[in-house]
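Below: one structure, written as C-alpha cells.
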Amino acid sequence: MKRILLVGSVGCGKTTLLQALHGAALNYSKTETIYTDGTVMDTPGEYLELPYFKHALRLASYEVELVVLLASATVAELKFPPGFTTFFMPPSIGVVTKTDIASPGQIDTAGDHLRLAGVGEVLQVSAVTGAGLDALRERLA
Ligand SMILES: Nc1nc2c(ncn2[C@@H]2O[C@H](COP(=O)(O)OP(=O)(O)OP(=O)(O)O)[C@@H](O)[C@H]2O)c(=O)[nH]1
Ligand SMILES: [Mg+2]
C-alpha cells in the first residue's frame, strides 16, 4: 500500500479507517499526535481545525506519496478551505466516511466539500460495514 497521510476534522473517522484498512478490530482511540502505523500516517483532527497546527500537516505530507482528505458524511459544515490541496506537495484524493449512517444527499454534500478542497477523485467508505474499502485498497495499492 502507498504511504498515505490521513487529514480530516476531529472525529471524521481517520483512525477507524486506518484500523479497517489494516483489518484490525475497530477500537476508538483519540489521536493526540501524528504517528505512523505501517504505511499510514494518522493525524489529530485538531491539526486541521486549529490554524496554529496546520504547518505540521504540510511537513508530514513530505513523508508520503498521497494525501487522503477525509470528510464525514454526517457533518454538514465545510471543514477544508477551498483549494486546500495546493497546501501539499503530493497529490490528494478525497474519502467520504461514515456512509452507513448518512443519507445519499449527505454523502453528496461531503463529496462536494472534498472537490471544493481540490481533490479530483472521491471515494465513499464505511469502516463499520466495510462498504467501499476494497475500492479504496485498490486505489492505494
Ligand atoms: N457509523 C460509523 N461510525 C464511524 C465510522 N468511522 C468512524 N466512526 C466513529 O466515529 C468516531 C470517531 O472516529 P475516529 O476514527 O476516532 O475519528 P478521527 O478522525 O480519528 O478523530 P481524531 O483522532 O479526534 O482526529 C468513533 O466513535 C468511530 O467509531 C464509520 O464508518 N461508521
Ligand atoms: Mg484519530
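Both counts, for ligands and for their atoms, begin at 1 and track the order of listing. All heavy atoms count here, side chains included; hydrogens, waters and symmetry mates do not.
Shown in contact with K30 at under 4.0 Å from a heavy atom are these atoms of ligand 1, numbered in order with element: 22 (P), 23 (O), 24 (O), 25 (O). Close approach of ligand 1 to T31 (heavy-atom distance below 4.0 Å) involves ligand atoms 23 (O). Taking every non-hydrogen atom of Y28 and a distance limit under 4.0 Å, the qualifying atoms of ligand 1 come out as 16 (O), 26 (C). Taking every non-hydrogen atom of D100 and a distance limit under 4.0 Å, the qualifying atoms of ligand 1 come out as 1 (N), 2 (C), 30 (C), 31 (O), 32 (N). Which parts of ligand 1 touch P44 is read off a 4.0 Å heavy-atom cut-off, strictly below it: atoms 25 (O). Counting the atoms of ligand 1 from 1 in the order shown, those under 4.0 Å from a heavy atom of V10 are 24 (O), 25 (O). Atoms of ligand 1 lying under 4.0 Å from any heavy atom of T16, numbered from 1 in the order shown and given with element: 6 (N), 7 (C), 13 (O), 14 (P), 15 (O), 28 (C). Close approach of ligand 1 to S126 is summarised as follows: ligand atoms under 4.0 Å from at least one heavy atom of the residue are 31 (O).
Distance check: L18 CG to S29 OG gives 10.5 Å after rounding to the nearest 0.5 Å. Note that CG of L70 is 6.0 Å distant from OG1 of T97, once rounded to the nearest 0.5 Å. Atom-to-atom distance recorded for T15:OG1 and L26:CG is 11.0 Å, nearest 0.5 angstrom. I107 contributes atom CD1, which lies 9.0 Å from atom CG of D100 (distance to the nearest 0.5 angstrom). Once rounded to the nearest 0.5 Å, the distance linking NZ of K14 with CG of L48 reads 8.0 Å. Residue S92 holds its OG atom at 9.0 Å from CG of L5, rounded to the nearest 0.5 Å.
Below 3.5 Å of separation, one finds an N or O of C12 facing an N or O of ligand 1.
Among all non-hydrogen protein atoms, the one lying nearest atom 3 (N) of ligand 1 is V128 CG2, 3.9 Å. Nearest non-hydrogen protein atom to atom 17 (O) of ligand 1 is G13 N, 3.2 Å. Ranking the protein heavy atoms by distance from atom 21 (O) of ligand 1 puts G11 N, 2.9 Å first. In terms of protein heavy-atom proximity, atom 10 (O) of ligand 1 is nearest to K98 NZ, 2.9 Å. When hydrogens are left out, the protein atom nearest atom 19 (O) of ligand 1 is K14 NZ, 2.7 Å; that is the closest non-hydrogen contact.
Salt-bridge check for E46 with K30: passed, with a basic side-chain N closer than 4.0 Å to an acidic carboxylate O.
Only the side chain of I101 comes within 4.0 Å of ligand 1, judged by heavy-atom distances.
Cluster membership check: V75 does not share its hydrophobic cluster with V68, using side-chain heavy-atom separations under 4.5 Å among Ile, Leu, Val, Met, Phe, Trp and Tyr.
A heavy-atom separation below 4.0 Å is not found between T97 and ligand 1.
The aromatic rings of F84 and F87 sit parallel to each other, their planes meeting at less than 30°, with 60° as the upper class boundary.
The nearest N, O or S atom of T31 is closer to the Mg ion (ligand 2) than 2.8 Å. Residue S29 does not count as close to the Mg ion (ligand 2), with no N, O or S atom under 2.8 Å.
Between M41 and R3 the shortest side-chain heavy-atom distance does not fall below 4.5 Å. Contact of the E49 side chain with the K79 side chain is registered, since non-hydrogen atoms from C-beta on lie closer than 4.5 Å. Counting only heavy atoms from C-beta outward, the side chains of V7 and V67 approach each other to under 4.5 Å.
Of the candidates G45, S29, A127, A127 brings a heavy atom nearest to atom 31 (O) of ligand 1.
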